[in-house]
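Right, one structure below, let's go through it.
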Amino acid sequence: MVIAAAQQRMACSADEFLEFAMDVERYSEVDDKLGPMDWVRREGNLVEFKFRPAMPGLPGPTPKMVARGVLTPGKRVDVELSPLPESKVWHRLMKFEASFVCEPVEDGILVTRTMSAELTPAVRWLIDPILRRNLPANIDDEVRQANHYLEKRSSRG
């Protein structure tokens with residue numbers, strides 16, 4: 001299993017950050033793993049989206065994926081593959097989980113971004129080493145870019 005995590009203090013509220021994470025089209029501006037979107041559907045605290053993922057260090061194009069994010073207001077967003085029959089190829093290749101967890105700190109929040117992929121043995125030998133090498137730096141960069149994006153937006157307001 002490959003797990004990557006990063007933390008960043010941000011001068012915003014948990015609700016502001018989590019709403020940004022739930023707006024996957026906007027969030028894709030800071031997360032290059034979110035490739036082109038086919039569609040996004042949001043109902044309350046659930047967002048489901050179909051896109052072509054781009055994993056750091058792996059050549060593309062990849063099969064399209066349908067993922068969903070579930071918001072726990074003021075606390076976190078948990079992301080995973082949408083249940084079958086969506087993303088049949090991805091379900092055969094891996095178990096995927098990601099999260100954004102917000103904790104209050106002085107003058108803002110501490111965001112912990114985690115992503116994990118448990119690959120099937122058929123592809124693990126090839127993909128695990130590439131992800132172990134590239135995913136941690138990618139997640140660090142993503143969180144820094146998210147912070148910069150939100151800082152830029154708040155300075156305009």
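Just so you know, these numbers come straight off a predicted model, no measurement behind them.
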So how far is it from [X] [atom1] to [Y] [atom2], rounded to the nearest 0.5 Å?
{"X": "Gln8", "Y": "Asn147", "atom1": "CD", "atom2": "CG", "result": "4.5 Å"}
{"X": "Met94", "Y": "Leu119", "atom1": "CE", "atom2": "CG", "result": "5.5 Å"}
{"X": "Met65", "Y": "Lys33", "atom1": "CE", "atom2": "NZ", "result": "11.5 Å"}
{"X": "Leu58", "Y": "Leu126", "atom1": "CG", "atom2": "CG", "result": "7.5 Å"}
{"X": "Thr62", "Y": "Leu93", "atom1": "OG1", "atom2": "CG", "result": "10.0 Å"}
{"X": "Met10", "Y": "Glu151", "atom1": "CE", "atom2": "CD", "result": "8.5 Å"}

Closest approach of [X] and [Y], non-hydrogen atoms and distance?
{"X": "Ala14", "Y": "Gly74", "result": "CB-O, 3.5 Å"}
{"X": "Asp78", "Y": "Ser99", "result": "OD1-CB, 3.5 Å"}
{"X": "Ala4", "Y": "Ile139", "result": "CB-CG1, 3.8 Å"}

According to salt bridge (Lys or Arg N to Asp or Glu O under 4.0 Å), who are the partners of [X], at least two apart in sequence or on a separate chain?
{"X": "Asp23", "value": "Arg26"}
{"X": "Glu97", "value": "Lys95"}
{"X": "Arg68", "value": "Glu80"}
{"X": "Glu25", "value": "none"}

Can you run down the salt bridge (charged side-chain N to carboxylate O under 4.0 Å, His left out) pairs that involve residues 83-93, sequence neighbours left out, and say none if there aren't any?
none
Inspect the surroundings of CH2 in Trp39 and state if more than 12 heavy atoms from other residues, nucleotides or ligands are less than 6.0 Å away.
yes
Just jot down the ring pair (Phe, Tyr, Trp, His ring centres under 6.0 Å) partners of Phe17, sequence neighbours excluded, or say none.
Phe100
Of all residues at least two apart in sequence or in a different chain, which pass the side-chain hydrogen bond (donor to acceptor under 3.5 Å, both in side chains) check with [X]?
{"X": "Glu29", "result": "none"}
{"X": "Arg132", "result": "Asp128"}
{"X": "Asp15", "result": "none"}
{"X": "Asp38", "result": "Lys64"}

Note, [X] side chain near [Y] side chain (heavy atom, < 4.5 Å):
{"X": "Val47", "Y": "Val40", "answer": "yes"}
{"X": "Asn138", "Y": "Asp32", "answer": "yes"}
{"X": "Arg9", "Y": "Ile109", "answer": "no"}

Side chains of residues 111-118: which donor-acceptor partners sit under 3.5 Å, not counting sequence neighbours?
residue, atom, partner, partner atom, Å
Thr112, OG1, Gln7, NE2, 2.8
Arg113, NE, Glu142, OE2, 2.6
Arg113, NH2, Glu142, OE1, 3.4
Arg113, NH2, Glu142, OE2, 3.3

ring-ring contact (aromatic ring centres under 6.0 Å, His included) contacts touching residues 46-72 (sequence neighbours left out)
Phe49-Phe51
Between Tyr149 and Phe20, is a ring pair (Phe, Tyr, Trp, His ring centres under 6.0 Å) present by the stated rule, with each step listed?
CA-CA 10 Å; Tyr149 182 96; Phe20 176 45; 4.7 Å; yes
